[in-house]
Amino acid sequence: MPNHCKIITDTYEIKDNLKNYDFNKCLDFIEYHGKLLYGQAFKVCEEDKHTIFKLIIYMIKDEETALKQQINLSKGILLSGPIGCGKTSLMHLIKPFSTSDYKIKTCREISFEFAKNGYEAINNFTQKQNFQSKLTGYCFDDLGTEQQIKHFGNDCNVMAEILISRYEQFVENKSVTHITTNLSATEIEKVYGNRLRSRMRSMFNLITFPPKSKDKR
């Protein structure tokens with residue numbers, strides 16, 4: 001049986017106190033854990049490797065390569081691609097590479113929590129705890145699948161409110177947010193408005209799957 005990269009330390013060697021990652025080993029790590037989590041049919045497709053490369057460079061904070069790839073390491077990630085291309089699974093699988101932790105929460109879950117608990121649900125994602133200098137890191141999964149939910153008759157574009165509040169914290173203390181979506185930039189502006197779209201340009205690095213990326217479900 002082949003020797004797979006089962007733990008994150010298998011993907012790099014330390015030289016001069018620096019971690020030197022091997023991209024092929026990173027792919028092997030992702031595929032190995034993808035099969036464990038999502039079944040033996042999971043595999044890293046050739047057409048997706050450049051997208052994964054950019055994500056790994058961001059997560060390990062490789063400043064030199066990030067500059068070449070036009071990735072701003074102080075911003076978050078907006079991962080865009082067709083339905084079923086593997087955005088959510090990939091954000092789970094690359095977490096071990098990240099130098100800063102983040103939680104993954106679907107936008108639909110958040111909208112349902114708002115319907116149940118009102119604006120208290122929004123506060124969970126927009127306010128720091130007393131011991132925090134920054135907001136908790138989040139990846140908001142599947143932006144656009146939530147609907148405008150009413151709480152006692154109050155209309156609220158929940159994700160727009162959360163993202164605008166997190167933008168203010170991004171400006172103030174570099175709190176980082178990630179997003180996955182299958183919406184285009186034009187569709188995001190139509191659903192959430194030009195004000196938020198403008199702020200999102202400042203908050204996120206846009207990383208996209210190829211338009212013809214296979215449906216992996």
Side-chain angles (χ1 to χ4, degrees), residues 51 54-55 58-59 71-72 74-95 98 100-129 132 134-209 211 213 217:
T51 301
K54 286 186 173 183
L55 289 170
Y58 173 87
M59 292 295 169
I71 296 171
N72 187 328
S74 68
K75 295 183 179 183
I77 294 293
L78 197 165
L79 183 60
S80 175
I83 295 172
C85 69
K87 300 181 293 293
T88 303
S89 57
L90 192 52
M91 289 304 292
H92 281 283
L93 292 168
I94 63 171
K95 277 186 72 175
S98 180
S100 55
D101 193 26
Y102 57 88
K103 300 178 181 180
I104 298 176
K105 187 85 171 177
T106 70
C107 295
R108 281 178 60 82
E109 283 182 296
I110 294 171
S111 66
F112 291 140
E113 288 176 6
F114 174 78
K116 181 180 180 181
N117 301 318
Y119 288 92
E120 185 64 32
I122 292 179
N123 294 341
N124 294 334
F125 306 103
T126 60
Q127 295 185 0
K128 301 191 299 286
Q129 301 296 318
Q132 291 180 306
K134 299 181 180 181
L135 292 175
T136 300
Y138 270 98
C139 173
F140 296 121
D141 186 36
D142 244 351
L143 183 73
T145 57
E146 81 286 354
Q147 299 175 351
Q148 286 205 0
I149 301 295
K150 290 186 177 182
H151 176 73
F152 297 123
N154 292 319
D155 283 320
C156 178
N157 194 325
V158 177
M159 291 311 303
E161 291 296 326
I162 289 173
L163 291 172
I164 287 173
S165 293
R166 291 184 71 91
Y167 167 78
E168 293 167 357
Q169 291 295 311
F170 167 74
V171 171
E172 182 179 320
N173 54 47
K174 295 300 180 185
S175 294
V176 172
T177 306
H178 306 304
I179 286 175
T180 73
T181 186
N182 66 316
L183 298 179
S184 67
T186 302
E187 290 169 328
I188 288 175
E189 185 168 327
K190 183 177 180 180
V191 175
Y192 300 99
N194 183 60
R195 179 167 172 253
L196 177 58
R197 175 66 187 129
S198 174
R199 283 155 176 73
M200 289 176 71
R201 291 189 187 96
S202 300
M203 289 175 70
F204 299 109
N205 295 283
L206 176 61
I207 297 180
T208 61
F209 276 86
S213 186
R217 291 179 296 180

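- Rounding to the nearest 0.5 angstrom, the gap separating the CD1 atom in I179 from the SG atom in C139 is 8.0 Å.
- The two residues S202 and Y167 come nearest to each other via the heavy atoms CB-CE1, 4.0 Å.
- Side-chain atoms of Q169 and N173 form a donor-acceptor pair, as typed in the model, at a separation below 3.5 Å.
- A distance of 14.0 Å separates CZ of F125 from CD of E161, quoted to the nearest 0.5 Å.
- Expressed to the nearest 0.5 Å, how far OG1 of T177 lies from CD1 of I77 amounts to 11.5 Å.
- Ring planes of Y138 and F140: parallel class, angle under 30° (limits at 30 and 60°).
- Two residues are said to be in side-chain contact when any heavy atoms from C-beta on lie closer than 4.5 Å; F170 and K75 meet this criterion.
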Walk me through it: do D141 and T180 pass the test side-chain hydrogen bond (donor to acceptor under 3.5 Å, both in side chains)?
CA-CA 5 Å; D141 186 36; T180 73; 2.5 Å; yes
Taking it one step at a time, do E120 and N123 satisfy side chain to side chain contact (heavy atoms under 4.5 Å, CB included)?
CA-CA 5 Å; E120 185 64 32; N123 294 341; 3.7 Å; yes
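- Between P211 and P82, the shortest heavy-atom contact is O-CG, 3.4 Å.
- By the 4.5 Å heavy-atom criterion applied to side chains, T106 and D142 are not counted as neighbours.
- Nearest heavy-atom pair across G81 and F209 is CA-CB, 4.1 Å.
- In this structure, CD1 in I104 is found 3.5 Å from NE2 in H92, a value given to the nearest 0.5 Å.
- Residues Q127 and I122 are not in side-chain contact: their nearest non-hydrogen atoms beyond the backbone lie 4.5 Å or more apart.
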What side-chain donor-acceptor pairs closer than 3.5 Å can you find for residues 184-196, not counting sequence neighbours?
unit_1, atom_1, unit_2, atom_2, d
S184, OG, E187, N, 3.2
S184, OG, E187, OE1, 3.3
E187, OE1, S184, N, 2.7
Y192, OH, G144, N, 3.1
Y192, OH, E146, OE2, 2.4

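- The two residues L135 and S175 have their closest heavy-atom pair at N-OG, 2.9 Å.
- Annotation: side chain of L163 is not in contact with side chain of R199 (no heavy-atom distance under 4.5 Å).
- Atom CG of L79 sits about 5.5 Å away from atom CG of L55, to the nearest 0.5 Å.
- Residue L206 comes nearest to S80 through the heavy atom pair CD1-CB, 4.1 Å, listed as atom of the first residue, atom of the second, then distance.
- Distance alone, capped at 3.5 Å, places no donor-acceptor pair between the K87 side chain and the T208 backbone.
- The CG atom of N124 sits 8.0 Å away from atom NZ of K105, with the distance rounded to the nearest 0.5 Å.
- Heavy-atom minimum distance, T136 versus R166: O-NH2, 2.8 Å.
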